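Below: one structure, written as structure tokens.
The shown structure was predicted, so the numbers you read here are calculated from the model rather than taken from an experiment. Reminder, nothing fancy here: chain letters follow the sequence lines and each chain counts from 1.
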There are 2 protein chains.
Amino acid sequence: MSSASGPTDFPRPDLLPERLAEWISGEIVAGRFPPGERLVEHALSKRCNVSRVPLREALRIVAAQGLLILEPHRGAVVTPLSESELRELFDLRMAIEGFAAASAARQQPAAAFAALRRMNADLDELIQAEDYERYYALAAEFHDALVAAAQNGLLVETYNRVKIRFRRYQAVLANIPHLPPRSVAEHTRILAAMEAGDADGARALVEAHIRDLVDAYGQSDAGRRFFDQAS
Amino acid sequence: MSSASGPTDFPRPDLLPERLAEWISGEIVAGRFPPGERLVEHALSKRCNVSRVPLREALRIVAAQGLLILEPHRGAVVTPLSESELRELFDLRMAIEGFAAASAARQQPAAAFAALRRMNADLDELIQAEDYERYYALAAEFHDALVAAAQNGLLVETYNRVKIRFRRYQAVLANIPHLPPRSVAEHTRILAAMEAGDADGARALVEAHIRDLVDAYGQSDAGRRFFDQAS
DNA sequence: AATTTAATATTGTTAGACAATTAGTCAATT
DNA sequence: AATTGACTAATTGTCTAACAATATTAAATT
């Protein structure tokens, strides 16, 4: 009877605010702390067997990630989801991943290109096997590796910030099984452009690739339902 | 004798960790907390007339901005400056401002374009008047407005994070008086491309514009000195 | 001089307290 | 009945004081 979605317990103290923040962040991304929920310090600190001091620091960390809003004298509220934020997140993915592809096309990092090729081959196999769960996990890694290929730590850091916020929408919208085959073909073209040193072409292809993701989300059932209720 | 660069006092309590963070952040950007300096909690809290609790939260905020590194059991250390970070910051500016220009070229926000044109005209006048101080202030606003023209709050937020870290290098490297006239001409071309709806052209021009800034920094005396000592 | 040992300082956390602010309750008034 | 208003409870924000764990520094020893 008790539903399977009740909040998880905080694993175990080796008590750092960082660990608390990771846990809180995870609960929010997974939707167990739903949008709009207030996190009350005393209750949370008791549940985690910590005092309010490190918990408050943890809340600061999570707020800096954009998952919480700290209102004066009102405490921490889980940031709401919105179609506009999702649009902006996709925009940022275009800016970051597009720039990364162009940058990599200029730098020609051989090892990174090889890794990307291998990943894309594995993605193709996962489609044949219809193993969509692992497909989406590896697809995320492919995009990570694309950003990493630009060899810019700050760009990676920025991308990670976007990713954390983006994952909340993935959790709500689930994945779209029709998309993968097309994605692999697009990855192939992106890689070809990068290896050919065509920075502008690679960027355009990456932006188009992400635009395809946007469309797929918008056309999926979950996506339409979410977008409708939000408006 | 006593140099003019001794740390300033914390203005006045209306004590929020946010105020403390703003102050600390300002001291770091201005170089009064120099790179590598350790911020000791007890001493700082006494100087600001606050307890360690809100101070520690302030340190978390500043650390999230990338200006401090919190090492376990060793406390807060002011993030060092490096040529590599500066390069990465310029890269991010290219990615963000370039994307913003392309995005604005597609959206055609009339008000934003008008504001940009006005600013650029004012910049031209400030050159004639050889008022470089105000020139650099307004030039920064021009770039802010360019990013804002993309109408994406997250992009602005991301840009602001880059700006905070970038300002530390501006404080060290000072400004380059030879650059401005060329910049105004480049702004004009960027605006023309945006208003013509030429997204790719606008982005290319913005990237080239920022690359010019990079070169100017590298060729300035202060820049060479900084880069030499760093390597 | 180099290494080990002891003393000191600093961080990380806890507990309990309190003022300031907000949220919730319930009666009085319109 | 609904709205207002005062009262109460709950929550945040801050402080002090303390302590264990870890780092840093100084002294002592080899």
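The minimum heavy-atom distance linking V77(B) with G36(B) is given by the pair CG1-O, 3.4 Å. Nearest approach of I24(A) to A58(A), heavy atoms of both residues: CD1-CB, 4.3 Å.
Looking at residues two or more places apart in sequence or on another chain, you find no salt bridge (charged side-chain N to carboxylate O under 4.0 Å, His left out) involving R118(B).
Ring to ring, Y169(B) and Y217(B) are not that close: their centroids are 6.0 angstrom or more apart.
Between the side chains of Y136(A) and Q170(A), no donor-acceptor pair of N or O atoms lies under 3.5 Å. Side chain to side chain, S103(B) and Q107(B) meet the donor-acceptor criterion of an N or O pair below 3.5 Å.
Of the candidates dT16(D), dT14(C), dT12(D), dT16(D) carries the atom nearest the S51(B) side chain, counting heavy atoms from C-beta on. Of the listed nucleotides (dC15(D), dT14(C), dT11(C)), dT11(C) has the atom at the smallest distance from the side chain of R56(B).
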Close N or O pairs between protein and nucleotides 17-24 of chain D (under 3.5 Å):
from    : atom 1 : to     : atom 2 : distance (Å)
dT24(D) : OP1    : R74(B) : NE     : 2.5
dT24(D) : OP1    : R74(B) : NH2    : 3.2

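Computed from coordinates, the K46(A) NZ to dT14(C) P distance equals 15 Å when rounded to whole Å. Residue N49(A) contributes atom CG, which lies 12 Å from atom C1' of dT14(C) at whole-angstrom precision. Per the geometry, CG belonging to L55(B) stands 12 Å off C1' belonging to dT11(C), to the nearest Å. R60(B) places its CZ atom 13 Å from the P atom of dT11(C), with the value rounded to the nearest Å. Atom-to-atom, CG of L70(A) to C1' of dT22(C) comes out at 16 Å; the value is rounded to the nearest Å. The distance between atom CG of L16(B) and atom P of dA20(C), rounded to the nearest whole Å, is 15 Å. The interatomic distance linking E41(A) (CD) with dA23(C) (P) rounds to 14 Å, in whole Å.
Residue V40(B) is in sugar-phosphate contact alone, with no base atom involved, counting any heavy-atom pair closer than 4.0 Å across all strands shown. Using a 4.0 Å heavy-atom cutoff across all strands shown, L39(A) reaches sugar-phosphate atoms only and no base atom.
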Candidate pair R161(B) and E157(A), rule salt bridge (charged side-chain N to carboxylate O under 4.0 Å, His left out), full reasoning: CA-CA 11 Å; R161(B) 289 176 61 83; E157(A) 188 187 310; 3.8 Å; yes
